[in-house]
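Presented below is the structure to which this report refers.
Chain letters run A, B, ... following the sequence lines, proteins first, then strands; residues in each count from 1.
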2 protein chains.
Amino acid sequence: MPIAIPEVVIDRLPVYARALALLERQGRDVVSSQELGEQLGVTPAQIRKDLSYFGRFGKQGRGYNVGRLLAELRQILGLTRDWSMVLVGVGRLGRAIVGYAGFAPQGYRIVEVFDSDPEIVGSNVDGLTVKPVDDLESALRDQKIEIGIVAVPGANAQDVIDKLVAAGVKAILNYAPIAAQVPLDVHVKDIDPVLALQSMTFYVKDQTSPAK
Amino acid sequence: MPIAIPEVVIDRLPVYARALALLERQGRDVVSSQELGEQLGVTPAQIRKDLSYFGRFGKQGRGYNVGRLLAELRQILGLTRDWSMVLVGVGRLGRAIVGYAGFAPQGYRIVEVFDSDPEIVGSNVDGLTVKPVDDLESALRDQKIEIGIVAVPGANAQDVIDKLVAAGVKAILNYAPIAAQVPLDVHVKDIDPVLALQSMTFYVKDQTSPAK
DNA sequence: GTATGTGAACCACTTCACAGCA
DNA sequence: TGCTGTGAAGTGGTTCACATAC
């Protein structure tokens, strides 16, 4: 096993990949860590060090080949394949997530949707039939689905997460306002705009308008 | 000025506050850093150290009074007042954000919505009339609005962010897939489910199903 | 007895600075 | 000459461990 790579590094790689994809669309062939860093608000040394965990992708005196580096990052991150996902919770938020246009172009696809409300089960959401949440495990038994999205109320979220884990899901995108408890081999990322707002207001709260 | 408080600490306070609010609803009076830490997946020392930046809120031998500590955190974070926000970008995503039920209970309210598309300007979204994005600055001149939400395509996002900054916004919740450039006194938090997924797939990508 | 608050020790990540290569 | 790759140095955040207070 290679030396452990810090999680912060892994979190930055998709940001680099996104910037490189933009540069590629703009027709750029080469980019230096300097320039990439300026665009992303990151130091050039940070970028070089991060990349050095995985290989030597640059050329001294020139920089990085945009297409090559992007391909390497996509390989590292597992973006060269498509990923199927299940969504649990088909309320207002869940419906918005199903309809979110940002997933498909990046190879992420919601293939099953579940809910616990009998009123909703059986209904159709963007071409998918809502299944009862109790069927999660059996529905996933034969399909290779490693990603779950949780969009249920906080009170039910840990239960749903337990079910996803039991069904073999290894990555969870959690929109519920809870700190999920999961085994070490399961990864969770929280999407919570309220937490983001609450930490920003700390800095804003007592900025008075400057006296003219 | 007190010694600078690390940003990671500020990011954790809302998580503590959320857990305390739950404990309070459950009728709990007192909680130890130990117990809180277990619920949140954080070490007790971390919690005590974080809180010590702001005061001495606990009682030795007992722990923290739930209501008291929650009130302190709300004070620290600026959650004792309501916050008005503007949203820019009234596409599918923007509409979902306007309709998101999680903001209001926490005191965050979208009071103005803007778009650049003449087809959309003038239409009604959840009781708000969509205004042209060029009116941002004048519309905000007299209102005290320090938070902006960006839900426009990546290609337009930096422009919109520049306009928000020019209009005096100090905190930006950014749903667009770009690394925003802002002055030091403006705070940005990105909400990007795709980045979250892309970093998780790194860990999941080559886990083969264990041989039975 | 029990749990906080906090310097000190530790650890992890970031930045430096330069050798090495194109 | 220009920019990468990387050990070494530096910085910042976390955890320890214990004096202190209830």
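A sub-4.0 Å separation between OP1 or OP2 of C/dA3 and a side-chain N or O of B/S32 is absent. For the pair A/R48 and D/dT4, the criterion of a side-chain N or O lying under 4.0 Å from OP1 or OP2 is met. Residue B/S33 places at least one side-chain N or O under 4.0 Å from the OP1 or OP2 atom of C/dT4. When the side-chain nitrogen and oxygen atoms of A/Q46 are compared with OP1 and OP2 of C/dT15, one or more of them lie within a distance under 4.0 Å.
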Problem - Full working for side-chain contact (heavy atoms from CB on, under 4.5 Å) between B/L164 and B/V182 - result: CA-CA 10 Å; B/L164 285 168; B/V182 294; over 6 Å; no
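The side chain of B/V8 lies closest to D/dG13 when the candidates are D/dG13, C/dT15, C/dT14. Minimum atom distance to the side chain of B/P6 is reached by D/dG13, of the listed D/dC3, D/dG13, C/dT14. Among C/dT14, D/dC3, D/dT14, the nucleotide with an atom closest to any side-chain atom of B/R12 is D/dT14.
Ring geometry for B/F202 versus A/F54: interplanar angle over 60°, hence perpendicular rather than tilted (30 to 60°).
One side chain, A/R12 or A/Q46, offers a donor N or O that lies under 3.5 Å from an acceptor on the other.
To the nearest angstrom, P of D/dT6 lies 13 Å from CG of A/D50. As a whole-Å value, the separation of B/K49 NZ from C/dG7 C1' is 7 Å. Atom P of nucleotide D/dA21 and atom CZ of B/R62 are separated by 18 Å, given to the nearest angstrom. In this structure, A/R56 places its CZ atom 12 Å from P of C/dG20, rounding to the nearest Å. Atom OH in A/Y53 sits about 18 Å away from atom P in D/dT4, given to the nearest Å. Atom CD in A/Q34 sits about 14 Å away from atom C1' in C/dT15, given to the nearest Å. Following rounding to the nearest Å, B/Y64 (OH) and D/dC22 (C1') show an atom-to-atom distance of 14 Å. Atom C1' of nucleotide D/dT6 and atom CZ of A/F54 are separated by 16 Å, given to the nearest angstrom.
In terms of position along DNA chain C, the nucleotide closest to B/G58 lies nearer the 5' end than the nucleotide closest to the other residue of the pair B/G58 and A/E7. Nearest-nucleotide assignment on DNA chain C puts the 5′-proximal partner with B/G61, out of B/G55 and B/G61.
Salt bridge status for A/E72 with A/R68: present, with a side-chain N to carboxylate O gap under 4.0 Å.
Residue-to-nucleotide contacts include no donor-acceptor pair under 3.5 Å from the side chain of B/Q60 to the base of C/dT2.
Taken from CD in A/E24 to CG in A/N65, the straight-line distance is 9.0 Å, to the nearest 0.5 Å.
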